[in-house]
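I have placed the structure first, in the form of structure tokens, so that the comments after it can refer back to it.
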Protein chains: 2
Amino acid sequence: MSVTITDVAMLAGVSTATVSRVLSGGASVLPETRERVHRAVELLNYTPSGVARSLRSRTTRVIGLIVTDITNPFYPDLVRGLEDAVHDQGRSVLFCNAAENVEREQRYLDVLSEQRVDAMVVASSGLTRRWAERLDDFPIPVVLVNVQSPGERFPAVVADNQVGGRIAAEHLVERGYGPIVHIAGALEEGETSVRQAGVADVAGDDLLVAAGDGHLEGGARAMLEIAESIEPPFGVVAHNDLSAIGAMSALHQLGWDVPGQVGVVGFDDIDVTRYVTPPLTSVVQDRYGMGAYAAELVHRLLDGESASGTHLMPVELAVRESTRGPA
Amino acid sequence: MSVTITDVAMLAGVSTATVSRVLSGGASVLPETRERVHRAVELLNYTPSGVARSLRSRTTRVIGLIVTDITNPFYPDLVRGLEDAVHDQGRSVLFCNAAENVEREQRYLDVLSEQRVDAMVVASSGLTRRWAERLDDFPIPVVLVNVQSPGERFPAVVADNQVGGRIAAEHLVERGYGPIVHIAGALEEGETSVRQAGVADVAGDDLLVAAGDGHLEGGARAMLEIAESIEPPFGVVAHNDLSAIGAMSALHQLGWDVPGQVGVVGFDDIDVTRYVTPPLTSVVQDRYGMGAYAAELVHRLLDGESASGTHLMPVELAVRESTRGPA
DNA sequence: GTGAAAGCGCTAACAC
DNA sequence: GTGTTAGCGCTTTCAC
């Protein structure tokens with residue numbers, strides 16, 4: 001791309017300043033001149049250099065995005081929502097998989113600083129915790145998604161997990177599943193307690209809790225453990241879908257029928273909820289919307305508006321076979 | 001970030017050229033000077049501007065990536081593999097979801113041109129087809145992933161679909177499922193015929209083919225259609241997992257037992273294969289490896305080496321319940 | 001309405 | 001081994 005604004009200016013018989021004016025749209029240029037410039041651009045197949053533009057204008061129109069792991073089924077939708085919105089703003093996304101690797105996190109923060117991105121979106125609780133001070137020092141807006149900021153230092157977009165826990169538990173009670181069991185996620189994940197708090201809002205002191213790990217195995221283990229102190233019918237709210245599916249396999253192993261004796265609700269509504277037997281009722285988060293909203297916050301901050309605090313996104317229940325009601 | 005190389009140079013009592021030399025590593029600088037510069041960098045918390053560097057050095061160390069849709073379960077692993085490898089090269093990824101929207105494709109190509117990315121990776125057959133001439137005119141390397149280039153104009157990384165079709169069919173024959181049925185994908189997807197060719201290598205003239213659409217519904221429809229001209233036992237190779245799952249539900253509806261009377265093999269090995277009943281045997285592609293290999297090709301091309309032609313990635317079979325053998 | 005000129009922050013010759 | 005200098009390709013005053 002060695003054709004520059006100077007080439008266009010010469011061909012059009014104007015100055016580079018005029019070419020710049022035409023291409024930036026706003027300024028007042030004679031229609032005739034404008035036309036000549038456009039023709040020259042066309043003829044030379046000129047593409048302005050974003051690099052030079054960025055150097056001069058001190059803004060890149062690029063947003064940095066750091067995600068824990070795009071392979072985690074939670075993120076593709078979120079990334080899509082963010083990306084769609086960011087591009088609608090005429091900006092682009094510089095993408096980084098943090099991989100929960102401290103060294104790489106540091107490198108990525110360096111990269112985004114060097115590239116002079118206009119703002120950063122972080123969807124990695126580990127990074128947010130480990131690098132809070134450094135993020136504080138960033139001279140650009142930082143927005144968190146699916147992460148609570150320690151001390152609410154940064155604007156954050158998260159699902160309303162407490163309401164999620166609540167509607168899950170309420171649904172089980174309504175359907176006639178007696179006491180409620182909660183299978184928690186891994187302890188270090190911040191949201192565990194919030195979801196659990198929502199469940200507790202409904203179940204009160206009757207709540208039985210066992211610690212899973214957010215995966216199939218932990219869910220199964222927690223279910224087997226808790227099975228020693230309870231008899232059907234009862235309802236299970238798991239911290240996420242994988243835990244719920246693990247719990248269902250444990251229940252199957254115990255000979256307790258789902259949904260005949262036990263009702264199970266998961267969280268996140270990942271694809272497989274539709275394919276397991278029985279299909280799993282789950283709390284749905286609007287992942288695409290969360291990404292899009294994060295982009296919206298970035299836009300506001302870049303416009304000089306404020307957007308602090310934690311923004312809760314609504315959740316809803318996708319009701320399926322696993323909570324059809326006791327036989 | 002208003003601290004520049006000049007500030008560092010002044011504080012260290014050297015010229016900007018020396019600072020540049022120290023930071024670039026290579027050139028010969030007195031250890032003592034080097035130390036002074038490093039201290040100044042530290043003290044001022046200096047981060048060099050990638051923008052200025054790119055303008056001067058005419059290279060951004062950024063790779064553009066265009067993906068059809070990150071929401072398609074095929075892509076996250078591929079993106080992860082690409083991203084890991086690209087970052088290991090000290091480069092970054094500028095990310096675009098093409099969304100099979102012509103207007104957006106054009107905008108993305110403009111964006112990547114303006115941002116002066118060093119190379120482009122395209123994982124979108126639509127874009128590759130629609131913009132082949134424009135891609136041809138790009139003054140930078142273009143690498144295709146999971147897409148065949150029309151006329152092999154661009155280096156491409158694709159799974160060895162023919163071998164995939166072959167091992168799927170062979171497996172069914174070995175397990176004792178008689179004649180083979182193939183449920184094809186949507187016609188415009190280039191790989192359909194290649195996978196089918198592999199199946200045909202084994203089944204020969206006995207092959208029955210019905211057209212699906214790559215989704216659940218099409219798979220089910222195709223299966224019902226073909227059921228009129230065949231009786232169990234037989235084997236089914238579907239164009240992808242969703243088609244296979246659709247076919248299984250049709251078979252269930254027909255009262256034909258899987259795997260007791262019919263064996264079914266899918267393609268892609270998406271997550272849900274493990275959760276459907278019965279778990280689905282599927283042809284596995286190394287998606288992560290495909291992304292990583294694409295990055296490797298980019299690296300080679302940027303090094304001035306050649307890397308033309310279509311690079312076939314090995315496939316293998318993940319054997320599960322759906323092909324346990326006829327009862 | 002348009003042009004001249006300065007300069008964004010860096011690197012790469014070229015001197016010494 | 002280090003400094004000086006000239007741009008990279010734009011945008012943006014400031015004139016006219």
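Hydrogens, waters and symmetry mates play no part in the numbers below; they use all other heavy atoms, side chains included.
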How would you summarise protein contacts on nucleotides 11-16 of chain D per nucleotide, using B for base, S for sugar-phosphate only and - for none, with heavy-atom distances below 4.0 Å?
BBB---
What is the distance, rounded to the nearest whole Å, between atom CD of B/Q115 and atom P of D/dC10?
13 Å
From CD of A/E114 over to C1' of C/dC10, roughly how many Å is that when rounded to an integer?
12 Å
Does a nitrogen or oxygen in the side chain of A/T33 sit under 4.0 Å from OP1 or OP2 of C/dT2?
yes
Atom-to-atom span, CZ of B/R58 to C1' of D/dG7 - whole angstrom:
11 Å
Closer than 4.0 angstrom, basic N to acidic O: yes or no for B/D88 and A/R107?
no
Might you confirm whether atom CE of B/M10 has over 12 heavy atoms from other residues, nucleotides or ligands at distances under 6.0 Å?
no
Check every strand shown and say whether B/V14 touches a base, only sugar-phosphate, or nothing at a heavy-atom separation below 4.0 Å.
sugar-phosphate
Answer yes or no: is there a donor N or O on one side and an acceptor on the other, between the side chain of B/N72 and the main chain of B/F74, under 3.5 Å?
yes
Name the nucleic acid region contacted by A/L55, choosing base, sugar-phosphate or nothing; use a 4.0 angstrom heavy-atom cut-off, strictly under.
base
CD of B/E83 to CG of A/D69, rounded to nearest 0.5 Å, is 10.0 Å
Does A/L55 offer a backbone N or O that forms a donor-acceptor pair with the side chain of A/R58 under 3.5 Å?
no
At what angle, to 10 degrees, do the two end axes of the helix from C/dG1-D/dC16 to C/dC16-D/dG1 meet, given five pairs define each axis?
30°
Working to the nearest 0.5 angstrom, can you tell me the gap between B/I66 CD1 and B/L112 CG?
5.0 Å
Beyond-backbone contact of B/D286 with B/Y288, side-chain heavy atoms, under 4.5 angstrom
yes
Identify every side-chain donor-acceptor pair in residues 16-30 of chain B under 3.5 Å, counting partners at least two apart or on other chains, and give the distances.
| residue | atom | partner | partner atom | Å |
| --- | --- | --- | --- | --- |
| B/T18 | OG1 | B/S15 | OG | 3.4 |
| B/S24 | OG | B/S20 | O | 2.8 |

Counting only side-chain N and O atoms of B/S15, is one of them less than 4.0 Å from OP1 or OP2 of D/dT2?
no
